[in-house]
Each structure stands twice: as structure tokens, then as C-alpha cells.
Amino acid sequence: MLYIISLLRRKTMVTLGVLKNTRNLPAFTLILIFLSLSFNEAFSQKLRVNDLGYFETTGFNVLVFSNQYNGFFFDEKTAGIELIHHGVRTATGGAVRLSPTPEQWDLIPIVKERKADKKKNSIEVTLRYEEYDFDSRVTVSAKDDGVIISVYLDKPLPEKLINHAGFNIEFLPASYFEKTYLIDGKSGVFPLYPSSNMMVKPIGEKIPQFNGYSTFDDRGKGEFLESKPIASGSTIILAPEDPERSIKIESLSGKLMLFDGRNLAQNGWFVVRSLIPSNKSGKVVEWFLSANTIANWKRAPVIGFSQVGYHPSQEKRAVIELDRNDSPLKAAALYQITANGKYIEKFSADVKKWGQFFRYNYVTFDFTSIKDPGLYFIKYGEHKTNAFPIDNQVYQNAWHQTLDVWFPVQMDHMMVNEAYRVWHGNPFRDDALQAPINIKHFDGFWMDSTTYTKYKPLEHIPGLNVGGWFDAGDFDIETSHHGSAILSFVDSWELFGLQRDETLVDQEARFVDIHHPDGKPDILQQIEHGTLQLVAQHKNIGHAVRGINFPSLHQYHHLGEASTLTDNLPYNPKLKPYETDGLTSGTMDDRWVFTTRFPFINYSSIGAMAAASRALKNYNKELSEESLSYAVRAWDEEHNRPVRKDTSIFSRFFIGAEVSAVLQLYISTKDERYAKIFNELIWEQLDNDSTMLFNISTAARAVPYMSKDYKNKLEKYVAKYKNQLEQLNQKNPYGVLVGTRSWAGNHELISWSISNYYLYKLFPEIIGREYTLKGLNYILGCHPYSNISFVSGVGTHSKKVTYGSNRADFSFIAGGVVPGVLILKPDFPENKEDWPFLWGENEVVIDICAEYIFLANAVNDLLNK
Ligand SMILES: [Ca+2]
Ligand SMILES: [Ca+2]
Ligand SMILES: [Ca+2]
């Protein structure tokens, strides 16, 4: 799913809202609730619209468009009416929708107006489908133990939406796996795997998806598929057996239908839906939705700590996340586990109150004084963590799986094998066609009115089927992420001299074998592989391109083996679709090169090629020389363009990319004209507070190559930066940069920690060592929502469900680093471990993984040198 979001998801510093404390019920009320508590009798607590604009009671929240469809990746399953049930977001997408089981790229309504009325205890939204000039009003009002949801139309449904428009709400399959339902008293089991009935319809009846694209490959048959309901009736109870998940929906007019969205798309949810009747206005749908709640329910504390453990000499501070209705205990303890399996209380101390951050309260437990190597766990009241070590080697292997496994699996244009398993064959041998002009692409790519190349639209551009990595969970090449990944690899090579060799890479045979040393450092092989693609772009096109992506949406969402995504035969317009002469094919499935010229992307590529030329000097001399000469040539051309500006979404970052590129050119060539330009550009980037954050590490990297004055001048900016660092301790209990955008913030956090490393090495008296260490500890488990390590396979307990190419298997690729904790508006942190398909939480991307390798090595450097 990911395209250039790493740039768009840039940080906003978290501001702390002061949240109201929940009610203090008189003691006798609590006793009454307690006495009446049994299954399905606790449907008893009345929801109130709170100061943050959502319905709240203990154990149940109803959000009504607190989060809207942002139109960026369309339906991200994080918008509309949503339910948070005993601390888990179990339902989303409550809205007027145009299909039974909406897919990601189906049309979504925009919110024209939203009114939250605390006095009337109701929230109302006006939804609009621009494409059909269709408005509807949805009101949600608290009643008894639930909410009444009503849909109003001012005029009857547009003709084209009859039998299409309905009111839907979607339930998370993972929350209802191995549970049952009752519809009008008739029982059923929620399917673990989709296998309900489908119908085939003529394409003319389909509500078109975004921009005329289609997720469905009908192989030219002119048809589409729709799910049939699993069950229908007027009352449905979901999971009546489970007090934490039981939800009841009664339709007060018309029928309810239950669908399984996964028949059409593996990331579909269970949908409860009522069709909107035709020829009717006024109130057209009305439901009463209520939830079972457990009286006095409190979410279990989350004890955040590093899942790989701690180095004896570092700070050791667990952050404990508490329900707002929970009162903190006085103390927590650290237990040591002995060789014969006994637990010994090694240390205990009072917890320190930190305060509220979004919806939870936080206390901290500091056990820095414990330095004895061994195995430990933390105990807070009845809650124990899993075991973790204290040892001076704990971080030593933390980056191995990312380099040994994750990156090899992402390698494009290669067959990748691991012991008995083939991850994928040699894919995209048919790369690539010149993308047509004037198109808006579903992955955030686009082409404007010129190709910026000598090629005609849909003409084959030679030489591009080499090198590169699949960007993320999808299979496209994203050039700017290659730029940052290669730059980071070169930094790791030059600073830490990583000689690790556990992968065989044979470029000639296009074969990669994981866990198979070949006598060559893996990091150089990765640098080479990324550089091959960047050089190919400059050689065959003349500039760095936006990327190489899929012509059709039904290819883009591919869940499977990469080499089956195209037929690997170059497109031949003289043949019919699905026809082949053995060398070419009439199926237009070749990827497209999006050749629009962006100064930002060109500079990012130039910097990476200049840096790679140094790393490859004694490894692949020819590529090293080629890489540097293309970098020099592209720089001259880009820098001397009459108008130096980037008007695209990248405009904020292009000077930063230019500064970084010119520094890399200077380091590689020692040509003073680059140093001069670097000095002209860097300071204005540091003068501005918002650009300082992105450029201070470039400024720090330059120190060894610049004069003494340069370092002196930098010092005053470092002091300013230090103030920003200190403020973070007041902004969140982790004291690190926590992103709050629609893509979770681990990438910013890792980049930030790396900046802190560079600055500590240069100015240890200003920037403390711990700013780097606690960034890594956050990634490895000391963070909100859960204490899982965000790096699959690293630490005792780590991500086992991520958004990679194998996400449909609810699996992971070892060493992948996920985006992490997403903050859903207004106050709900989330990182699901039972549902891989939320890309903003779980999608692994190349640039973040390359930087993670650097950060883990930086931490080893700080602790063991
Ligand atoms: Ca992508
Ligand atoms: Ca190797
Ligand atoms: Ca092809």
C-alpha cells in the first residue's frame, strides 16, 4: 500500500489534551451493578457523548466519524461509525455504503457536516457521494445500553443506487473468530475462512470503483462478483457467549443481512447491512445497536519494556499503561529467574506517576540500578511480563534478521530461496512500459501532461529489469525509498564496517539464497542491488523516476508469489490478450514506469549513487564508477535548471535532498564546488525549526569533512535541538518522538534516534546517550497499546502478523519493522496483532528497515565501544 507516505507522514509533535476523568459512581451503585452482573445482563450502562465527541461508557465506546475516510488510500478500515469494545476496536465503517462488502477502492462518502451534541447525547453526520449527487444523514443517539442509528434521506435514492445503497457496519473477523452468532434465534458460527456463496453479475450493474479502476480481473468476460448474505433476519447477536464481544443489533424497520467480505478481498470484514428502500425519503433505516459490558471493567495494565532486554550500563525504565479507571499500585518489582526455574525478587521500587497520554494513564518503574547479567521479568501487581535478559550482548544480533532475511525477500528481479522454501521466482522480467500521460494512479503515483522522456506512452523502456527492492507489502519500485535505504546502508558500511555474510547473491544467475554465505559482505550486495536499479533509470531514461508500478488495480493488490504477477513476457500490441508467441505477449500486464520528473526524487537518487560509489569501489568497480558519473551528471543538470523548485507534494523536502546529495558528492569527489554549495544551503535548513529536524543529521554527517568553524557553528543549532528533545519528556511518558498521523510513526522515531546518535558522537556534553537508546527501546517494546517488539523475530515477544507479501497467511517476514502504534482520533492508540491488513500499523517498508539496521548497530557502538 505504501508509496511515498514516509514523507507525508512526517511528525507533528504530540500535544497533550487534558482528558476528563470518568465518573465516580457511588458505592451502592457499584454493588448493584456487581450483583446484577451475569452474561447479557450487564447491557446496562448508558453511553454519554464525552468532551472528545464520542459515546463513552465503561468497556464500550461508539465513535461516529471521529475518523473520516481520508481519500488517500480510500477505505483504510479506520473511519465511520466504529466500536471500541473492552479496549479493542472491533467494528469500523458504519456508514451509508454502495456495496454489501466494500473493498478498499470502492467509493467512500465524504462528511459534509458533523455535529456532536452533548446535551441531546447524539451525534449527526451528513454524508455525500459526489459521484451520484447523493446525500444522506446519519444520526446516532444514546438509548438505554446502546445507540439508535437512523438514516434519513431528503429525497428518494438516485435510480442508479437502488439495490446498491445500504447502511453497513463492519466487524473485525479476528475479533469474532471461533465465536458464534444468533440471527432471529437461529445459530451460526463465524467462518474462520471465507466460503460463503457468491453471485456473478453483468459489469453494467457494478458501481464503478475509484477512478474507473477495478480490483477484479474478469479476464475479459464483462462480469463482476458480489457476496450473498450468510444469514439474514431482524435481530442479530454477535458472540452471545463472550461477554467482552457480545453485540446486539435490532433492525427497527427492514432486514439485516450478514456478509463475509473476505470472499472478494482477503482484507474484508464481516458486514452487517440493511438495504435502503427505494422510493422512500425521511427515515429509511433504523437500528438499535447495544453492547454487553462487564461492570467495573478495567483494561489490564500494559508493561512496556525492551523485549530484547537491556545492557547493564543503560537506563532501564518500564512504562506502565493503565486504564483511566485503574488506580496505580504503589510499587513494581523486578524478579530474577534462576537456573533451576525459581523466581527471586531482585529489586522493587515505587512507581513514578507520569500522567495522562491520550486515553490512558502512565506510571514508570526504574530499575537502572540492576546491572547483574541474567534473566528477569517485571511484576506489577498480579501482572508479570515475559522473561528478558540483562547482558552486554543483548543488541548484538538485533539487526541480523533484517539483513539476512527481510531484505533478501524484498529483492526484485531475483529468485529468492531460503532452505526448503522459495520466497519468489525471478519476477518482472518484462519491465517496463512507459506510463501514459495524464493519469492518476491508485498507489498515489501520477503522470502529468508529458513523459519527460524520449519514449512514447506504452513503449517498452529497455534495461529496467534489474536490481531494486519491492517497496513494502506491495511489489512496486519506489525510487525515493531506494535513495534513503542505500544511503543508510552506506552509512552502516562506512561507520560500522558490517562484514556479515549469511546470504548468497548471484546477480548473473539472478539467484539469492538465504542462510548461505558466499564470501561477500551482504550489505555490499544489498547496496549493489539497489544501485543497479538507480543506475538503470539514469542510463535508460536520463533521470530518476517516481517508480515502477502496476497498470491495473487487480495486479496491484496481489497476494502471492511475485513472479506470477506478470507473465514475464514483454507486451506485444499485435497479439490478443492472453495470447503469446513464446517471446512476447498480448496481455498488457507489464509494469509501468512513472517518469514524471521530481527534483526531490532526482536528488535523493543522486545522493544515493554518489554514496554507493564509495562503498562499491573495491566490490564492483564498474558499477561504482558508473554510479558516480551518473550522479555527477544528473546533479549538474538538476542543479542548473533555470527554475530550482519542486511544486509537487515533495516540495518541503527537496532542498533537504539536494543538501544531502551535494554532501555525498563532495565526500566522494572532494571537489570544493560541492562543499561551497553545501555550506550555502545547509544553514537555512537549520534556521527553520521544522526543517531543522529533518536536516540536522545531514549537518552532523558533514562534520568530519568540514572545517573546525563548521562544527562550532553547528553547536548552537544542537543546543536548540536539545531543547526540543527535553520537551518530549513532558509530551509523552516514553520521552521519544511519537508520531500522530495516519501512518504510525516508527520511521520518524528511528530517523530521530539516528540523528541523536550522530549528535551524541559529536557533542556528548550536549546530547545524552540515552536519546538514542530509548528510541530503540520504544521500537523493541516500550511503547503504548502492547509491549510487543515491532521487529518480527527480534526480542522474546515480537510481531508475528505484519502487512508483507505473505499477509494473507497472517504471517511475517523476519526482521521486518512495522510502522507501529497508530493514534486513531481522538485518543485511541492501536497496533493490531491479530489482523495484518492495517497498513498504517503493520506494513513493513525498505527505508525504515535499512535505518533500523543502522540504529541497532549505533546502539551496539554506544554500549560496547
Ligand atoms: Ca507502493
Ligand atoms: Ca553474502
Ligand atoms: Ca508481460
Side-chain angles (χ1 to χ4, degrees), residues 1-8 72-73 104 400 403-405 407-408 410-412 414 416 427-433 441-446 458 460-461 464-465 468-482 489 493 498-507 511-529 546-553 555-558 562-573 575 577-592 594 619-620 743 803-805 839 843-847:
M1 209 44 50
L2 189 116
Y3 78 111
I4 196 66
I5 198 105
S6 65
L7 295 167
L8 301 176
F72 205 69
F73 288 129
Q104 183 184 345
H400 288 182
L403 185 61
D404 294 7
V405 181
F407 263 100
Q410 295 301 116
M411 287 168 87
D412 199 346
M414 304 291 267
V416 179
F428 308 120
R429 299 194 290 279
D430 43 3
D431 274 348
L433 301 179
H441 187 256
F442 37 80
D443 194 23
F445 284 34
W446 69 90
L458 299 181
H460 180 80
I461 301 182
L464 296 175
N465 58 353
W469 301 281
F470 309 139
D471 183 47
D474 47 8
F475 299 88
D476 54 287
I477 285 195
E478 178 82 65
T479 305
S480 71
H481 290 173
H482 279 62
F489 279 145
W493 171 251
L498 307 183
Q499 298 290 339
R500 187 171 176 78
D501 168 28
E502 290 298 334
T503 312
L504 175 145
V505 178
D506 184 340
Q507 285 291 346
F511 179 67
V512 176
D513 202 20
I514 293 170
H515 314 307
H516 181 163
D518 64 355
K520 297 169 185 172
D522 298 340
I523 198 154
L524 291 183
Q525 292 174 309
Q526 292 299 335
I527 293 169
E528 175 187 50
H529 195 69
R546 175 61 196 277
I548 306 181
N549 215 324
F550 296 92
S552 60
L553 191 51
Q555 286 175 288
Y556 177 68
H557 60 53
H558 185 76
S563 74
T564 58
L565 231 167
T566 71
D567 57 17
N568 290 300
L569 301 172
Y571 174 58
N572 177 354
L575 298 173
Y578 313 110
E579 192 181 41
T580 165
D581 59 11
L583 294 171
T584 62
S585 141
T587 309
M588 224 272 280
D589 64 2
D590 305 14
R591 294 195 296 189
W592 290 354
F594 287 73
Y619 179 74
N620 181 338
W743 190 280
Y803 189 111
S805 55
W839 48 89
E843 184 167 12
V844 183
V845 188
I846 56 171
D847 52 357

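Residue numbers count from 1 along this sequence. Note that this is a predicted model, so its numbers are computed, not measured. Note that ligands are numbered from 1 as they come in the structure, with each ligand's atoms numbered from 1 the same way.
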F550 and W592: CA distance, side-chain angles, deciding distance, ring pair (Phe, Tyr, Trp, His ring centres under 6.0 Å) verdict: CA-CA 6 Å; F550 296 92; W592 290 354; over 10 Å; no

Sequence-distant partners of R429, salt bridge (charged side-chain N to carboxylate O under 4.0 Å, His left out), two or more places apart: none

N/O/S from D471 sitting under 3.0 Å away from the Ca ion (ligand 1): no

Short N/O/S contact of E478 with the Ca ion (ligand 1) (below 3.0 Å): no

Whether F442 and Y556 hold their rings parallel, tilted or perpendicular, with breakpoints at 30° and 60°: tilted

Minimum side-chain heavy-atom gap M411-Q526 below 4.5 Å: yes

Angle, OD1 of D476 through the Ca ion (ligand 1) to OD2 of D474 - 10° precision: 80°

Number of protein N/O/S atoms that sit closer than 3.0 Å to the Ca ion (ligand 2): 6

Ring centre gap for F594 and H441 strictly below 6.0 Å: yes

Side-chain donor/acceptor of D581 to backbone N/O of L583, under 3.5 Å: yes

Short side-chain to backbone donor-acceptor contact, D430 and D589, under 3.5 Å: no

Side chain E502, main chain P517, donor-acceptor under 3.5 Å: no

Salt bridge flag under 4.0 Å for residues D412 and R591: yes

For T503, side chain to side chain donor-acceptor pair (under 3.5 Å) partners two or more places apart: D522

Near the Ca ion (ligand 3) (under 3.0 Å) - protein N, O or S atoms: D430 OD2, D567 OD1, L569 O, D589 OD1, D590 OD1

Considering only N, O or S atoms of D443, the one closest to the Ca ion (ligand 1): OD2

Atom of E528, atom of Q507 and distance for their closest heavy-atom approach: OE1-CG, 3.8 Å

